[in-house]
Amino acid sequence: MEKRTFNIITQGILIIVALEIIAVSINMFYAPHNVAAGGATGLAIVLDDFFSWNRALVVFIINIGMLILSYFTLGKQTTARITFGSLLLPVCMAITPNISLVHDRTLAVIVGGALYAIGVALLYQIDASSGGTTVPPLILKKFFNFKPAISLLVIDGFVCFLNLFSSGIEAFILAIFSSVITVLVMNYIETGLDRKKTIYVISDKLEEMQQVVGDSLDRSYTAIDVRGGFSGNNQEMLMIVVENSEYQNLINNIRALDRQAFILVNNVAEVHGGDF
């Protein structure tokens, strides 16, 4: 019971932090420069530009509609978390100062896009949402296994298009640019921040290399039986997972032993179990 209560409190704190990050990106980077980069908040910026409607109120109305849709598609548990975020985001927008932290428009959308991505990605990690147009990507992920970042890009593209009628071609281009930044940052966060490298090595001096791996890195490895496609010879190939900081040292040691060694390197998003 205590663990469950702790998890609920932790999730609640994460949601609040994520929503405030989104509110900062809107009130301090997007809105001051009249750039609607997508989502319910983007629609709110457009309507504010056209009719001087209160952005927080517009987001609140949109979120109520999305909550109804969420209830019938995502279930009660997810909707409960979305409800919290949907109702709290307009509050965060209302209490967050409407100021411009940077005067350069391009810099504003770069920082705003990165902040927005961080906020939305944090919410997705706990199966929550800020409501609005972030709900459809959750639905598409559940039923069609679409990546939320890609779905969000398509939906936000339409909102970005509205910039043409509110603030002109420059705002439209900046909004598209910001949406791309948001997708890139979200993809990076979704696939893991603790990046590592996997190194595959084929050499005639594998025994010496195994010693190097054990002594210099204190790291285990996997020996895989392989067969040469051209020669047909059976060999062993080492697979080693290392931290990025260990990569160059290991490569230097391998090449010092055998400059003709075959080396294949892959970037790895996450590693679970084993030495890690």
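As the structure is a prediction and not an experimental result, all values here were calculated from the model. Counting begins at 1 with the first residue of the sequence. Because only heavy atoms are used, hydrogens play no part in the values below, and waters and symmetry mates are left out as well, while side chains stay in.
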For a 4.5 angstrom cut-off between non-hydrogen side-chain atoms, does [X] reach [Y]?
X: Ile110; Y: Ile181; value: yes
X: Ile199; Y: Leu250; value: yes
X: Leu184; Y: Thr182; value: no
X: Glu236; Y: Asp225; value: yes
X: Ile118; Y: Val185; value: yes
X: Phe29; Y: Val109; value: no
X: Phe60; Y: Leu87; value: yes
X: Leu174; Y: Thr106; value: yes

Exercise. Test side-chain contact (heavy atoms from CB on, under 4.5 Å) on Leu162 and Leu43 and set out the steps.
Key: CA-CA 8 Å; Leu162 297 178; Leu43 286 173; 3.6 Å; yes
Quiz prompt | Audit row: Tyr200, Met239, side-chain contact (heavy atoms from CB on, under 4.5 Å) steps and yes/no | solution = CA-CA 5 Å; Tyr200 299 92; Met239 183 185 75; 3.5 Å; yes
Practice problem: State which residue, out of Ile64, Leu57, Val59, Val58, fulfils the side-chain contact (heavy atoms from CB on, under 4.5 Å) condition with Ile61. | Solution: Leu57
Quiz prompt | Residue among Asn63, Ile21, Leu123 satisfying side-chain contact (heavy atoms from CB on, under 4.5 Å) with Ser130 | solution = Leu123
To the nearest 0.5 Å, what is the distance between [atom1] ([X]) and [atom2] ([Y])?
X: Asn98; Y: Met93; atom1: CG; atom2: CE; answer: 8.0 Å
X: Ile224; Y: Met237; atom1: CD1; atom2: CE; answer: 4.0 Å
X: Glu20; Y: Leu89; atom1: CD; atom2: CG; answer: 9.5 Å
X: Tyr247; Y: Asn267; atom1: OH; atom2: CG; answer: 9.0 Å
X: Leu19; Y: Cys92; atom1: CG; atom2: SG; answer: 5.5 Å

Within the distance-only criterion (no hydrogens, no angle test), does the side chain of [X] pair as donor or acceptor with the backbone N or O of [Y] below 3.5 angstrom?
X: Ser70; Y: Met66; value: no
X: Lys142; Y: Pro137; value: no
X: Asn163; Y: Phe172; value: no
X: Ser166; Y: Val46; value: no
X: Ser179; Y: Ala37; value: yes
X: His33; Y: Met28; value: no
X: Ser178; Y: Ala175; value: no

Atom of [X], atom of [Y] and distance for their closest heavy-atom approach:
X: Ser86; Y: Leu67; result: OG-CD2, 3.7 Å
X: Gly39; Y: Thr133; result: CA-OG1, 2.7 Å
X: Leu122; Y: Ala18; result: CB-CB, 3.9 Å
X: Gly112; Y: Ser25; result: O-CB, 3.5 Å
X: Ile45; Y: Val35; result: CD1-O, 3.5 Å

Hydrophobic cluster identity match, [X] and [Y], side-chain contacts under 4.5 Å:
X: Tyr116; Y: Leu88; answer: yes
X: Ile13; Y: Ile15; answer: yes
X: Leu74; Y: Ile155; answer: no
X: Ile173; Y: Leu164; answer: yes
X: Leu115; Y: Leu14; answer: yes

Quiz item: Pairs in or reaching into residues 93-114: which pass salt bridge (Lys or Arg N to Asp or Glu O under 4.0 Å), with residues at least two apart or in two chains?
Solution: Arg105-Glu170
Quiz prompt | Pairs flagged by salt bridge (Lys or Arg N to Asp or Glu O under 4.0 Å) wherever residues 83-102 is involved - sequence neighbours left out | solution = none
Exercise. Please collect all side-chain hydrogen bond (donor to acceptor under 3.5 Å, both in side chains) contacts where either partner lies in residues 41-52, sequence neighbours excluded, each pair once.
Key: Asp48-Arg55, Asp49-Ser167
Over 12 non-hydrogen atoms of neighbours within 6.0 angstrom of [atom1] in [X]:
X: Phe84; atom1: CZ; value: yes
X: Asn54; atom1: CG; value: yes
X: Phe143; atom1: CZ; value: yes

Exercise. Would you sort out whether Leu206 and Leu238 count as a side-chain contact (heavy atoms from CB on, under 4.5 Å), showing the intermediate values?
Key: CA-CA 8 Å; Leu206 285 186; Leu238 296 185; 3.8 Å; yes
For residues 254-264, please give each side-chain donor-acceptor pair under 3.5 Å, one per line with the distance, not counting sequence neighbours.
| unit_1 | atom_1 | unit_2 | atom_2 | d |
| --- | --- | --- | --- | --- |
| Asp258 | OD1 | Gln260 | N | 3.0 |
| Asp258 | OD2 | Ser203 | OG | 2.6 |

Practice problem: Output all residues satisfying ring-ring contact (aromatic ring centres under 6.0 Å, His included) with Tyr71, sequence neighbours left out; order by chain, then residue number. | Solution: none
Quiz item: Which is it for Lys197 and Asn266 under the side-chain hydrogen bond (donor to acceptor under 3.5 Å, both in side chains) test, yes or no, and what are the steps along the way?
Solution: CA-CA 6 Å; Lys197 293 186 183 296; Asn266 287 330; over 6 Å; no
Quiz prompt | Contacts of type side chain to side chain donor-acceptor pair (under 3.5 Å), residue Asn145, not counting sequence neighbours | solution = none
